[in-house]
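Each chain gets a letter, A, B and so on, in the order its sequence line appears, and its residues count up from 1.
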Amino acid sequence: MEKKKITQDISQLILSCPLGNKLPPKKRSSPQRGLKILREKAVKKKEGNPKKQLDGKAKGLWDAARTRKNLIENEKSIVKVAQYANEKFEGFFQNYAPVTVILSEANWRSKYETLDDSPFRKKFIDILEGNDTLHSGLKKDKNEEMSNILASLVKLDEKLFEEFLCKISNEEFQKVLELRKKLPVWSQKEDIVKAIKDNQVVVISGATGCGKTTQICQFLLDQAIESRSGSTFCALCTQPRRLAAISAAHRVAEERVEVCGDPRSSVGYQIRLERLNPRERGSILFCTTGILVQLLISDPLLEKYSHILLDEVHERDLLTDFILTVVRDLLPKRPKLRVILMSATINSNLLSEYFNNCPVLNIDGRSFPVETVYLEDILSKLDFRFRSTRNRSGADSHPNHLDIEYNQIMAPFVEEMEANHSYPFHVLKSLRKRESEESPEMLIMALLKHICAREADGAILIFFPGWEQIKRLNKLLLSDRTFSSRKFLIFTLHSMLPTFNQRQIFEKPPRGVRKLILSTNIAETSLTIDDIVYVIDCGKAKLPNFDPLKKLNTLNSEWIALANAHQRQGRAGRTKPGICYKLYSRGRESTFVPHALPEIKRTRLEELILRVKILKLGQVQAFLRKVPEPPDDLTVKISLELLHELGALDDAECLTPLGFHLAQLPTDPSTGKLILLGAIFGCLEPMLAIAATLSFKDPFVMPLNQEDNYRKRRKFLAEKLFSDHLLIAKVMHDFRAAQLDGHVAAKNYCHENFLSTSTMTMLSNMMEQFCRDLRERQFLSNSASISDPVANINSKNHPLILAVLCAGLLPNVAEVVIAGRSLPKRNLPKIPTSPVKVKTPEDGPVLIHPRSINYDTVFAKSTWLCYHGKVKSSNSIYLQDCSIVPPLAVLFFGDEKLFNKKDAKLSKRFGYKWDSSTMEATRSLRTCWDNYLCHRVSHPGATDWSSDSTDSALLRAIIHFTTATAVSLNEDTGLLSVAHEEANNSRRSMW
DNA sequence: GAGCACTGC
């Protein structure tokens, strides 16, 4: 009822005038003449593109005719807002005017004095008031408090000691202890404990299998208990991966004959959405790096802990680097804190230098020797020759720049080999060709046959850069009788491949059966298969990077670093001696860099910057220059700019109230904004589903050789949606409904629809987490669940969801430009259907990623897309996920630059035009929105949708306004209608 | 016509 009233109300605000036929003709003569010439020419030359076959003048005239035609089309409808709409918008403006004044002041500190005395204000001011006051204040109070937290409790010390004595006499404990004592790390137990006692920071480097992860924390715990100070011991051990944290915790609990999760246990773990707490004192908590960063928000000096152990520091992932920087700064404030950095053998000097030349302890690994066989040895051993894949005759035989580059690098090595007479001629000949590094499938096939015929039993692991190569080799293997399924178990590992039925990948195969595993670098660290004896390493990996000059994420196949090559090789020697076949020469390996660039130098930094801000770590540039290997200044600048544009930071680089919320949500800022907007606009569930997916991963999986079925299914699911995001919202909704019918129903739903059950479950849980966050930040009422009817009052309104998506994802918009297709055929010769052109304002032409549901959408009209991911690979820029969105939403939520061009843009692209009073009204409404959002984020509360509330009036006006375009593109009526039911039903004709 | 891998009280 109420909705209907508003609908009518707004539809009176926005009128449309189909004027097209009444427009006076302007200088029609020359385009008409151009058409005539064109038609004659086109008749003469029936084949090919008519435009291409025209000469200078005719071509110009043809273009002129087309432009004119477009203009006439464009002027068909002019969008007008009735005068009293302005007055109505004025009303909104009045309501939120005070906030505008506040926000326009330069001084943040006084700015929020005028806000009410809400709990939000207090918290927010605390953050704004910043570094010194708060921190030093904290330090004083907390030092006293610390003596409370970690003060030794004599009784507890005794109790822990007695328990420990009891444990030592336990038979099972003794049995495991004997095994533990065989680990290499035990030989240096005393040194390690002493070094940590004497130094605030110690680097311990040891190869895989030395036992550092599970043993060192126990050395420290046992030592504390034995010296009757168990109650003051509290260790936090971080792992970069969830699985590693869980398994380390379980392993340690087992060794101590305890059960992980028992409240008396000394071991626990915490990862996102999952925690098993250990006892409060005398305990070890394994967690992921992300958890530690979140802990820092509430406990900036990590006062709950006496020891921080950071594992896998050598991987140099973003969060570990961040933690290193923060921890180094808090050392002077926590003199009693002990920090232990654990890393692989390599690169420990850099770490030691970073921590004021702290001591480094080296521990030998306990893996088995792995023999290395390089490309030249393989070629010589197998007598393998590369057949040139390129045409010998014709232009192709000339070397291109890649050949020349290859030769420059390899020639000296080949010459040296030649001089030494150490390799047969055919090997040298092969190495001179670039093919020796380009397409190794046939070589791998030959090598596999060799291993299977000549070498002992054992699983074979092959490292590939990506999907394409895995797919190709898998196909070859399946079509080759040598590798029949009776004798071989073939596994493919890729994050996008389904993992069901793959438990046997970790199990010992039946007698006489050999495991073959084709993998990306997922098997380099994340997955460990113990019985690998042979590794075949093609030496390449797809590496993401960020190009600050072009502001683009890239994904390219590159040569790996020596450290990674070493890691891959090490995968062969876990249970017995192994062999690593490297599909690159010694010469090539000598060009490898020692270490890959740390992640912090390869990504955008918006999220990290918000963390710097919420943790009050000072100016961003200054902080980021303190990290072990600082990111490019330009990258920092770009990220700051985006945060500013999102409204998360002000000119002085301080958090705004919006930024304050975004910094505390466990997502990147633009996804965080989506979550807030979903709550504000009453489309909670779909927005949470979209946000969860954008911040975790796409749940769709694609089995090899089922691409067609996969695509068909996705097309079926996404019918009429034209949006990857709405597709996600739909499948998440259906999945959650299936979950209510039980585990089996949910699993079946996933199986039928090419979805990963584990990813879907995680996403569903993440939605719960976001919902809880929103409740805690008071954007939802205390009782609101994900499916709360009030919070989902607009969840069925697809155009609105898309409009909100726009508001959250901006500035990530792209324009779909259709050249010629909308021209009436009778007036012009048939123009060949040109492929859709998609452009972004900053990159120019881009492509829609083939994985997107919109990849093969036929666009009837020019329109706008919103996207979240954009990446450059294989020389094109791809929009990874995108939604066709209501154009008015883009223009309404778009930035000021876009706004100023509104008039021109609209009339040019969308076939209708603003009149000036509408422009003004739009602008006022937009100002209202900006102010309203400022107000909402600084006065958290649930949206009041009751008919007489200001919330409701403004939001409904925005909703109707931004989604009005849904029907305005209907060429038949030329009318601009705002009825949502109609909008939903006629979506097909929208685009 | 293409999809390295992780993470979050």
Side-chain angles (χ1 to χ4, degrees), chain A residues 236 238-245 270-275 277 285 287-299 304 312 315-323 463-471 493-497 519-527 538 540-545 553-558 560 564 567-568 596 599 602-603 607-608 610-611 614 663-668 671-672 691-692 695-698 700-702 704 707 710-711 762 765-766 769-770 772-773 776 835 847-852 855-856 869 871-881:
Chain A
L236 194 66
T238 70
Q239 292 290 329
R241 283 167 292 278
R242 294 161 59 87
L243 248 176
Q270 184 174 353
I271 59 175
R272 185 179 199 169
L273 307 170
E274 228 180 296
R275 64 191 292 178
N277 280 335
L285 181 70
C287 68
T288 44
T289 41
I291 295 284
L292 173 50
V293 175
Q294 291 296 99
L295 284 178
L296 281 168
I297 296 177
S298 57
D299 184 6
K304 281 190 192 143
E312 315 285 6
E315 286 181 23
R316 305 301 306 282
D317 63 276
L318 190 72
L319 294 178
T320 306
D321 268 12
F322 179 71
I323 293 169
F463 282 106
F464 287 109
W467 176 275
E468 192 58 44
Q469 295 80 1
I470 291 176
K471 190 183 155 181
L493 290 177
H494 187 287
S495 65
M496 252 169 45
L497 284 164
S519 172
T520 59
N521 52 14
I522 194 168
E524 200 176 296
T525 49
S526 315
L527 271 176
C538 71
K540 286 187 170 175
K542 289 211 166 184
L543 293 175
N545 219 326
N553 292 312
T554 60
L555 185 64
N556 289 316
S557 188
E558 292 170 28
I560 56 175
N564 300 89
Q567 174 72 15
R568 289 179 172 192
E599 192 186 0
R602 291 193 278 114
T603 50
E607 260 189 278
L608 202 67
L610 282 189
R611 290 211 172 105
I614 201 75
Q664 290 172 88
L665 286 170
T667 59
D668 69 284
T671 311
S695 76
F696 185 42
K697 66 177 175 185
D698 188 335
F700 281 95
V701 286
M702 185 162 76
L704 280 173
E707 281 97 332
Y710 161 88
R711 247 187 302 274
M762 179 75 186
N765 292 336
M766 282 170 71
Q769 186 192 23
F770 293 154
R772 197 173 57 234
D773 283 334
E776 276 166 19
L847 299 174
I848 294 174
H849 197 284
R851 248 206 126 185
S852 165
Y855 174 71
D856 44 12
V871 70
K872 185 180 177 206
S873 63
S874 54
N875 283 326
S876 301
I877 300 170
Y878 293 97
L879 307 183
Q880 292 171 311
D881 51 272

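- Among residues two or more places apart in sequence or in another chain, the salt bridge (charged side-chain N to carboxylate O under 4.0 Å, His left out) test is passed with A/Asp881 by none.
- A/Arg241 meets the salt bridge (charged side-chain N to carboxylate O under 4.0 Å, His left out) test with A/Glu315; sequence neighbours excluded.
- Under 3.5 Å, the side chain of A/Glu607 and the base of B/dG8 form at least one donor-acceptor pair of N or O atoms.
- In this view, A/Arg851 and A/Asp698 satisfy the salt bridge (charged side-chain N to carboxylate O under 4.0 Å, His left out) rule, not counting sequence neighbours.
- The CZ-C1' distance, from A/Phe770 to B/dG8, rounds to 9 Å in whole Å.
- Distances shown here put every side-chain N or O of A/Ser298 at or beyond 4.0 Å from the OP1 or OP2 atom of B/dC9.
- Across all strands, A/Leu318 comes closer than 4.0 Å to no nucleic acid atom at all (heavy-atom distances).
- Going from atom CD1 of A/Ile848 over to atom CD1 of A/Ile877 covers 13.5 Å, rounded to the nearest 0.5 Å.
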Quick one: what's the B/S/- string for nucleotides 1-6 of chain B, heavy-atom cutoff under 4.0 Å, read 5' to 3'? BBBBBS
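- Following rounding to the nearest Å, A/Leu243 (CG) and B/dG8 (P) show an atom-to-atom distance of 11 Å.
- For A/Phe770, the ring-ring contact (aromatic ring centres under 6.0 Å, His included) criterion is met by no residue, not counting sequence neighbours.
- Distance CZ (A/Arg272) to C1' (B/dC9): 11 Å, rounded to an integer number of Å.
- Atom P of nucleotide B/dG8 and atom CD1 of A/Ile297 are separated by 14 Å, given to the nearest angstrom.
- Partners of A/Phe322 according to the ring-ring contact (aromatic ring centres under 6.0 Å, His included) rule, which considers only residues two or more places apart in sequence or in another chain, are A/Phe623.
- One atom, CD1 of A/Ile323, and another, P of B/dG8, lie 11 Å apart when rounded to the nearest Å.
- Among the heavy atoms of the strands, none lies under 4.0 Å from A/Thr525.
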